[in-house]
Structures are given as structure tokens and as C-alpha cells.
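To keep things clear, I will list the structure first and then write my remarks on it.
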Amino acid sequence: MLYLETLKRQHEEIAEILSDIKSYINHKDIAKEALEISSKISNLAGKLKVHLGTEDQYMYPQLLKSSNSEVGTTAQAYIDEMGTISTEFMVYKDRFNTRTKITNDIDLFVSESQRIFALLEQRIAKENSNLYQQI
């Protein structure tokens, strides 16, 4: 299925942006690189929006209609979980989408980035290893 390959490619793109931001956090002067980091956060938000739209438009409707009730139940659980993660990411993005917002509280930026990125990475891994295998 073409959309499945698109979703996998989007996962790779999202993971690459997460890696880039983590690299700035771990190895560079955050205050000095805050403008670039904020740009990457905005880019990540756009990639996630497109990815979630693709899932909502193509993947989940098909899974919810599956004759296998376990697949439908799993799909609904993923939809519910992603709603929570998506909401948390949007709060993070709004909190740190500018240089000034990042530099106003670098420690909070780092801890929230680590928390949100872990949620996203776990979700991507879970989709790749479990959900996408059911399609």
C-alpha cells in the first residue's frame, strides 16, 4: 500500500528532525543556536501535522473497518493515544517555537524536549513494530 510507504518515510523524516534537535541540545550552545532550534521545532510540527493527516485520511479509516475486530480495537487505541501525544506536542511547540521562548528557560526547554521526544520516538517505534505490521 502506497500510503504505508509514505507513513514510513514520514517517520524517518520526523526521526531525523528529532535527532537534529537532540544534537543541538546535547552538543551545542543552546542559547546561541536557539533560532535554528526553533525553526526545527516548527518544521517538526509541520511534518507531524502532515503525518497525522495521512494516518487519519488513509490508514485509520481502513483499519477501523477491518473485519478483524482486534485490528479495529488496536486502531482505536492508537487514535486515542495519539490524540494525547499530539496535544502534548502542540503545548511544547507553542512553548518553545521562538528563540526567546527557548532562551527564557533553557533548563525547562531541555527537560520538556527530552520528555516529548521520548513520547514521539516510542510512538514511532510502536507503530513501526506493531501497527504497521497489521496492515
message: Does atom CD (Glu36) have a neighbourhood of more than 12 heavy atoms from anything else shown, all under 6.0 Å?
response: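 Yes, CD of Glu36 has more than 12 neighbouring heavy atoms, counting only those of other groups under 6.0 Å.
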- prompt: Just wondering, are more than 12 heavy atoms of other shown residues or ligands nearer than 6.0 Å to OH in Tyr24?
  reply: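 Atom OH in Tyr24 is crowded, with more than 12 foreign heavy atoms closer than 6.0 Å.
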Counting C-beta onward and ignoring hydrogens, is there a side-chain heavy-atom pair between [X] and [Y] closer than 4.5 Å?
X      : Y      : answer
Leu64  : Ile79  : yes
Leu63  : Thr74  : no
Ile37  : Arg99  : no
Leu120 : Leu48  : yes
Thr98  : Ile102 : no
Tyr78  : Glu55  : no
His51  : Leu7   : yes

- request: Kindly write out the residues that satisfy side chain to side chain contact (heavy atoms under 4.5 Å, CB included) with Lys32, not counting sequence neighbours, or none if the list is empty.
  value: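 In terms of side chain to side chain contact (heavy atoms under 4.5 Å, CB included), with neighbours along the sequence ignored, Lys32 is linked to Asp29.
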task: Using side chain to side chain contact (heavy atoms under 4.5 Å, CB included) as the criterion, list what pairs up with Val50, not counting sequence neighbours.
output: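 Partners of Val50 under the side chain to side chain contact (heavy atoms under 4.5 Å, CB included) test: Gln10, Thr54.
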Compile the donor-acceptor pairs under 3.5 Å between side chains in residues 104-115 and protein atoms, sequence neighbours left out, one pair per line.
| residue | atom | partner | partner atom | Å |
| --- | --- | --- | --- | --- |
| Asn104 | ND2 | Thr100 | O | 3.3 |
| Asp105 | OD1 | Leu108 | N | 3.1 |
| Ser111 | OG | Asp107 | O | 3.4 |
| Ser111 | OG | Leu108 | O | 3.1 |
| Glu112 | OE1 | Arg115 | NH2 | 3.0 |
| Glu112 | OE2 | Arg115 | NE | 3.3 |
| Ser113 | OG | Tyr92 | OH | 2.7 |
| Ser113 | OG | Phe109 | O | 2.7 |
| Arg115 | NH1 | Glu88 | OE1 | 2.4 |
| Arg115 | NH2 | Glu88 | OE1 | 3.4 |

Could you measure the distance from the [atom1] atom of [X] to the [atom2] atom of [Y]? Nearest 0.5 Å is fine.
X      : Y      : atom1 : atom2 : answer
Glu33  : Ser23  : CD    : OG    : 9.5 Å
Ile21  : Lys40  : CD1   : NZ    : 7.5 Å
Leu18  : Ile124 : CG    : CD1   : 6.0 Å
Tyr58  : Asp56  : OH    : CG    : 11.5 Å
Lys101 : Ser38  : NZ    : OG    : 10.0 Å
Phe117 : Ile17  : CZ    : CD1   : 10.0 Å

Salt bridge (charged side-chain N to carboxylate O under 4.0 Å, His left out) involving Lys47 - partner list, sequence neighbours excluded: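 Lys47: salt bridge (charged side-chain N to carboxylate O under 4.0 Å, His left out) contacts with Glu13.
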With Glu121 via salt bridge (charged side-chain N to carboxylate O under 4.0 Å, His left out) - residues at least two apart: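 Result, salt bridge (charged side-chain N to carboxylate O under 4.0 Å, His left out) vs Glu121: Lys22.
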Judged by atom type as modelled, is there a donor-acceptor pair below 3.5 Å linking the side chain of [X] to the main-chain atoms of [Y]?
X     : Y     : answer
Ser86 : Met82 : no
Thr87 : Gly83 : yes
Ser19 : Ala15 : no

message: For Tyr132 and His11: C-alpha separation, side-chain torsions, deciding distance, then whether side chain to side chain contact (heavy atoms under 4.5 Å, CB included) applies.
response: CA-CA 12 Å; Tyr132 292 176; His11 276 179; 3.2 Å; yes
message: For Tyr60 and Leu131: C-alpha separation, side-chain torsions, deciding distance, then whether side chain to side chain contact (heavy atoms under 4.5 Å, CB included) applies.
response: CA-CA 10 Å; Tyr60 286 121; Leu131 186 64; 3.8 Å; yes
- request: Apply side chain to side chain donor-acceptor pair (under 3.5 Å) to Lys8 and list each qualifying residue two or more places apart in sequence or on a separate chain.
  value: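 Partners of Lys8 under the side chain to side chain donor-acceptor pair (under 3.5 Å) test: none.
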field: Cluster check Ile85, Phe96: I/L/V/M/F/W/Y, side chain < 4.5 angstrom
entry: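 Yes.
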message: Check Glu127 with Arg123, please: is the shortest side-chain N to carboxylate O separation under 4.0 Å?
response: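 Judged by the 4.0 Å cut-off on N to carboxylate O distance, Arg123 and Glu127 do form a salt bridge.
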